[in-house]
Amino acid sequence: MRTVRLSLATVAATALPLLLAAGQARAQLQDGEWASYRDAYRAMVVFEKYGGPKHFLQSQLQVLPRGAAVPGDGLQLTLAGKTTQLHLPLDPLGRTPLPLQKAAYDDNAALVLNRKGIPFTLRPQVSIATRADGVYDSADLRSACGQALGFARYVDASQRSRQCVGTRFVFGKKGEGGAHWRREGGTEEVLPAAPGVAEQGLPTVIYRFGSERGQVVTDTVPLAILPVFE
């Protein structure tokens, strides 16, 4: 078996947010059937130590299995060490919060899938936090996108030429989800659906920033909200 390794030189690159359909370069780690928790920790802690504004953001570890397996098909990640045994459920995008534990770091515990024989890739992902009420003020979405871009520029200077142009709402199941644009005056219009996310084919809606103030109102809680850079 091969370990998924992050060298010190690639920690900054792999801490880039996975910005689906945003034109963002996607840092990818070596495929393997298990991964070093210590290496994943080093990549994820970059966000924790980042001193810029990030109250609209969340950071998760994303598991991308190779082959026919998909994250939503009963896969989960297990953190296994001498003194640690934690099961980390994956959402349909293969994401999970990574607990930052000193004991697991000292043990250099392994991250493995609950099915053998499936190589996978790990990537940190920074996304915009969702709201239970499904109401997102346009000014807050702009600020959130700006925070995500600030972090992307922090870990990769090549991102300084990019600008925030909108947000992408990803919903968890086919046939579910949707969003409306509610103007300050009270009128609403349906935001058009966008092509599905990668191989998962999940429904998505794009909200592009404009001059009008208002709110994006989702029909259900999104699985993820991703900033869009161009």
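FYI, side chains are in, hydrogens and waters are out, and symmetry mates aren't considered; it's all heavy atoms of this structure.
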Are Tyr136 and Phe169 an aromatic pair, judged by ring center distance below 6.0 Å?
yes
Considering only NZ, NE, NH1 and NH2 on the basic side and carboxylate oxygens on the acidic side, decide whether Arg182 and Glu189 come within less than 4.0 Å.
no
What heavy-atom pair brings Leu191 and Tyr207 nearest, and what distance separates the two atoms?
CD1-CB, 4.1 Å
What distance separates Leu226 CG from Leu93 CG, expressed to the nearest 0.5 Å?
7.5 Å
Closest contact, heavy atoms only, Ala43 versus Pro124
CB-CG, 4.1 Å
Following the transitive rule for hydrophobic clusters with a side-chain heavy-atom cut-off under 4.5 Å over Ile, Leu, Val, Met, Phe, Trp and Tyr, establish whether Leu111 and Tyr41 coincide in one cluster.
yes
Tell me whether Ile225 shares a hydrophobic cluster with Val221, the cluster being built from Ile, Leu, Val, Met, Phe, Trp, Tyr side chains joined at under 4.5 Å.
no
Quick check: is Leu122 connected to Tyr105 through a chain of hydrophobic side chains (ILVMFWY, heavy atoms under 4.5 Å apart)?
yes
Between CG on residue Leu98 and CG on residue Leu88, distance to nearest 0.5 Å:
7.0 Å
Side chains of Pro227 and Leu149: does their closest heavy-atom pair fall under 4.5 Å?
no
Check step by step if side chain to side chain contact (heavy atoms under 4.5 Å, CB included) holds for Gln62 and Leu64.
CA-CA 6 Å; Gln62 186 175 42; Leu64 299 175; 3.8 Å; yes
Start with the C-alpha gap between Glu188 and Arg183, add the side-chain angles, then the distance that decides, and say whether salt bridge (Lys or Arg N to Asp or Glu O under 4.0 Å) holds.
CA-CA 6 Å; Glu188 292 190 10; Arg183 296 179 177 83; over 6 Å; no
Is the shortest heavy-atom distance from the side chain of Ser138 to the side chain of Phe209 under 4.5 Å?
no
State the CD-CD1 distance between Glu33 and Ile118, to the nearest 0.5 angstrom.
9.0 Å
List the atom of Ile128, the atom of Cys145, and the distance in Å for their closest heavy-atom pair.
CD1-N, 4.2 Å
Check Arg142, His55, Lys54 against Gln147 for a side chain to side chain donor-acceptor pair (under 3.5 Å) and give me the one that passes.
His55
Atom pair OG1 (Thr167) and CZ (Arg208), whose distance is rounded to the nearest 0.5 Å
10.5 Å
For a ring pair (Phe, Tyr, Trp, His ring centres under 6.0 Å) check, start with the C-alpha distance between Phe151 and Phe47, then their side-chain angles and the critical distance, and finish with the verdict.
CA-CA 8 Å; Phe151 179 70; Phe47 180 80; 5.3 Å; yes
Shortest non-hydrogen contact from Gln60 to Met44?
C-CE, 3.3 Å
If you look at every heavy atom in Ala148 and Leu57, which pair is closest and at what distance?
N-CD1, 3.7 Å
Rounded to the nearest 0.5 Å, how far does OH of Tyr154 lie from CD of Gln159?
15.0 Å
Hydrophobic cluster membership, with links at side-chain heavy-atom distances under 4.5 Å among I/L/V/M/F/W/Y: are Phe120 and Leu79 in one?
yes
Check against side chain to side chain contact (heavy atoms under 4.5 Å, CB included), Leu61 and Leu77:
CA-CA 10 Å; Leu61 185 67; Leu77 197 65; 4.2 Å; yes
For Ala80, does its backbone N or O pair with a side-chain atom of Thr84 as donor and acceptor, under 3.5 Å?
no
Counting N and O atoms only, with roles assigned by atom type, does the side chain of Thr78 sit under 3.5 Å from a partner on the main chain of Leu113, one being a donor and the other an acceptor?
no
Is any side-chain heavy atom of Val170 closer than 4.5 Å to one of Pro222?
no
Between Thr83 and Asp107, a side-chain donor and acceptor under 3.5 Å:
yes
May I ask you to check whether Ser36 and Asn108 show a side-chain donor-acceptor distance below 3.5 Å?
yes
For side chain to side chain contact (heavy atoms under 4.5 Å, CB included), just list the numbers for Arg153 and Ser158, CA-CA rounded to whole Å, side-chain angles, deciding distance to a tenth of an Å, and then say yes or no.
CA-CA 7 Å; Arg153 289 171 173 174; Ser158 70; over 6 Å; no
Look up atom OG in Ser161 and atom CD in Glu230, then write down how far apart they are to the nearest 0.5 Å.
12.0 Å
Please evaluate residues Thr204 and Phe171 with respect to the criterion side chain to side chain contact (heavy atoms under 4.5 Å, CB included), reporting the C-alpha separation (whole Å), side-chain torsions for both, the decisive distance (0.1 Å), and the verdict.
CA-CA 6 Å; Thr204 66; Phe171 296 93; over 6 Å; no
Carboxylate-amine/guanidinium contact Asp137 Arg213, below 4.0 Å:
yes
Transitively linked via ILVMFWY side-chain contacts under 4.5 Å: Phe56 with Val126?
no
Mind checking whether Gln125 and Arg95 have side chains closer than 4.5 Å, heavy atoms only?
yes
Testing the basics here: between Trp34 and Ala110, what is the closest heavy-atom pair and its distance to 0.1 Å?
CE3-CB, 3.5 Å
Has Arg162 got its NZ or CZ under 6.0 Å from the middle of the six-membered ring of Phe229, at an angle within 45 degrees of the ring axis?
no
